[in-house]
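Taking it in order: structure first as structure tokens, then the write-up.
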Amino acid sequence: MVLTHTTNHTYSHPFPTVTLAFFLRYYSPQLNPFSSHVLSTDTISSHVDPETGRLHTTRIHMKKTRLPSAVVKLLPSSVTGGGGDKSSYVLETSVVDIKEGWMKTESKNLNYTGVLSVIEQQHYSTTPPDQAPATSFSGSGTVASPLSTTSYRPLSQNTFVTTTFSYRSMLGAKKHEKAAESTDSGEEHGPRRFGTWISGWGAKRIQQSIESIASNKTDDQMIKSRDGMRIVLERLRNNGVVAVLRELRRREGKSVFE
């Protein structure tokens with residue numbers, strides 16, 4: 001079972017500024033105070049497709065993570081590692097088409113996937129969701145669109161974003177499959193078969209509980225994420241990109257570019 005949660009939001013900033021803010025949102029807690037949980041960000045690859053002009057980027061973020069207390073209480077410490085803060089990695093892929101005015105991103109956790117796999121997909125566009133043309137974002141980062149790639153869209157003062165979270169827990173699934181195979185092969189009899197069914201039903205209930213707990217925290221996470229983006233956007237609007245980056249590098253004791 002996969003549990004999904006979708007929301008829509010509008011930033012009162014033009015699309016180029018919003019895409020820049022997306023890539024800068026984890027640059028420093030001094031730029032975005034809501035990013036203090038991000039320990040590091042590294043770019044794995046970044047290139048512009050010469051045929052489409054689209055920017056393809058893959059980054060990995062190391063974040064300070066804390067599993068929901070309800071999940072820690074629900075599962076043994078051998079599975080969760082106990083409570084408290086832990087480091088985890090998030091893989092982020094993105095495709096930006098500045099001509100057509102859209103960006104698609106996907107982020108997924110690389111740790112604790114046996115307990116819970118979380119995938120966040122976002123679609124930024126100069127067009128409201130109910131008017132946007134159909135596009136697709138495959139695992140290879142290929143996006144198809146019927147719009148022309150030879151002309152630029154008029155610059156809109158708003159950017160619309162649709163965010164979808166997908167939650168899936170596979171906890172206990174492999175053990176349940178092995179138990180089912182043993183039952184099908186005739187290795188178990190009545191009482192053991194009933195016990196296997198109970199075990200499988202219990203694993204499914206635990207998976208659904210974990211997915212539900214994670215989904216319920218989404219609204220709070222989205223509020224903090226949008227507040228962080230809003231702060232970055234306002235600083236870019238008020239001070240300009242170069243001035244903002246110069247000030248950050250100066251505070252961090254790094255050489256200031258001219």
- Message: Does any part of the side chain of His5, heavy atoms only, come nearer than 4.5 Å to the side chain of Thr7, both counted from C-beta?
- Response: yes

When the side chains of residues 233-240 are checked against the rest of the protein, which donor-acceptor pairs come out under 3.5 Å, sequence neighbours left out?
residue	atom	partner	partner atom	Å
Glu234	OE2	His13	NE2	3.4
Arg235	NH1	Gln30	O	2.4
Arg235	NH1	Leu31	O	2.8
Arg237	NH2	Ser12	O	2.7
Arg237	NH2	His13	ND1	3.2
Asn238	ND2	Glu234	O	3.1
Asn239	ND2	Arg235	O	3.4

- Message: Nearest 0.5 angstrom please: Phe22 CZ to Ser225 OG, how far?
- Response: 9.0 Å

- Message: Taking side-chain contact (heavy atoms from CB on, under 4.5 Å) as the definition, give me every residue that meets it alongside Thr6, ordered by chain and number, with sequence neighbours left out.
- Response: Thr162, Thr164

- Item | Verify same cluster id: Leu55, Met103 (apolar side-chain graph, 4.5 Å) | yes

- Is it possible for you to say whether Phe160 and Leu20 belong to one hydrophobic cluster, with membership spreading through side-chain heavy-atom contacts below 4.5 Å? no

- Query: How long is the span from the CE atom in Met62 to the CG atom in Asn111, to the nearest 0.5 Å?
  - Reply: 10.5 Å

- Task: Answer yes when Arg54 and Asp97 have at least one side-chain N-carboxylate O distance shorter than 4.0 Å, and no when they do not.
- Result: yes

- Query: Do Ser88 and Leu110 touch side chain to side chain, with heavy atoms closer than 4.5 Å?
  - Reply: no

- Message: Using the side-chain contact (heavy atoms from CB on, under 4.5 Å) criterion, which residues pair with Pro33? Sequence neighbours excluded.
- Response: Ile231

- Query: Quick one: ring pair (Phe, Tyr, Trp, His ring centres under 6.0 Å) partners of Tyr11, sequence neighbours excluded?
  - Reply: His9

- Note on the structure: In this structure, OH of Tyr89 is separated from OG of Ser40 (nearest 0.5 Å) by 6.5 Å

- Message: Applying ring pair (Phe, Tyr, Trp, His ring centres under 6.0 Å), can you list everything that pairs with Tyr26, at least two apart in sequence or on another chain?
- Response: His61

- Contacts of type salt bridge (Lys or Arg N to Asp or Glu O under 4.0 Å), residue Arg168, not counting sequence neighbours: none

- If you round to the nearest 0.5 Å, how far is CD of Gln221 from OG of Ser215? 9.5 Å

- Query: Hey, are the side chains of Thr105 and Glu120 touching, using non-hydrogen atoms and a 4.5 Å cut-off?
  - Reply: no

- Query: If Ile, Leu, Val, Met, Phe, Trp and Tyr residues are connected whenever their side-chain heavy atoms lie under 4.5 Å apart, and connections chain through other members, are Val96 and Tyr124 in the same group?
  - Reply: yes

- Message: Quick one, Tyr27 and Val244 - any side-chain contact, counting heavy atoms below 4.5 Å?
- Response: no

- Among residues two or more places apart or on two chains, list those pairs meeting salt bridge (charged side-chain N to carboxylate O under 4.0 Å, His left out) that have a residue in residues 27-36. none

- Item | Non-neighbouring partners of His37 that pass ring pair (Phe, Tyr, Trp, His ring centres under 6.0 Å), sequence neighbours left out | none

- Please report the C-alpha distance between Ile44 and Leu91 in whole Å, then the side-chain angles of each, then the deciding distance to 0.1 Å, and finally whether the side-chain contact (heavy atoms from CB on, under 4.5 Å) criterion is met. CA-CA 10 Å; Ile44 298 175; Leu91 184 67; 3.9 Å; yes

- Task: Indicate, with yes or no, if Val48 and Phe15 share a hydrophobic cluster defined by side-chain heavy-atom contacts under 4.5 Å among Ile, Leu, Val, Met, Phe, Trp and Tyr.
- Result: yes

- Please check if the side chain of Asn32 supplies one atom and the backbone of Val232 the other of a donor-acceptor pair under 3.5 Å. no

- Point-to-point distance, once rounded to the nearest 0.5 Å, from OG of Ser117 to CD of Glu211: 10.0 Å

- Item | All side-chain hydrogen bond (donor to acceptor under 3.5 Å, both in side chains) counterparts of Ser46, not counting sequence neighbours | Thr57

- Can you list every salt bridge (charged side-chain N to carboxylate O under 4.0 Å, His left out) pair that touches residues 27-45, not counting sequence neighbours? none

- Query: Should Ile119 and Leu116 be counted in the same cluster of Ile, Leu, Val, Met, Phe, Trp and Tyr side chains packed under 4.5 Å apart?
  - Reply: no

- Item | Contact check, side chains of Thr159 and Thr19, non-hydrogen atoms, under 4.5 Å | no

- The reported gap from CD in Glu106 to OG1 in Thr93 (rounded to nearest 0.5 angstrom) is 5.0 Å

- Message: List the residues meeting salt bridge (Lys or Arg N to Asp or Glu O under 4.0 Å) with Arg230, not counting sequence neighbours, and say none if there are none.
- Response: Asp227

- Task: Kindly state each residue pair satisfying salt bridge (charged side-chain N to carboxylate O under 4.0 Å, His left out) with at least one member in residues 4-25, sequence neighbours excluded.
- Result: Arg25-Glu92

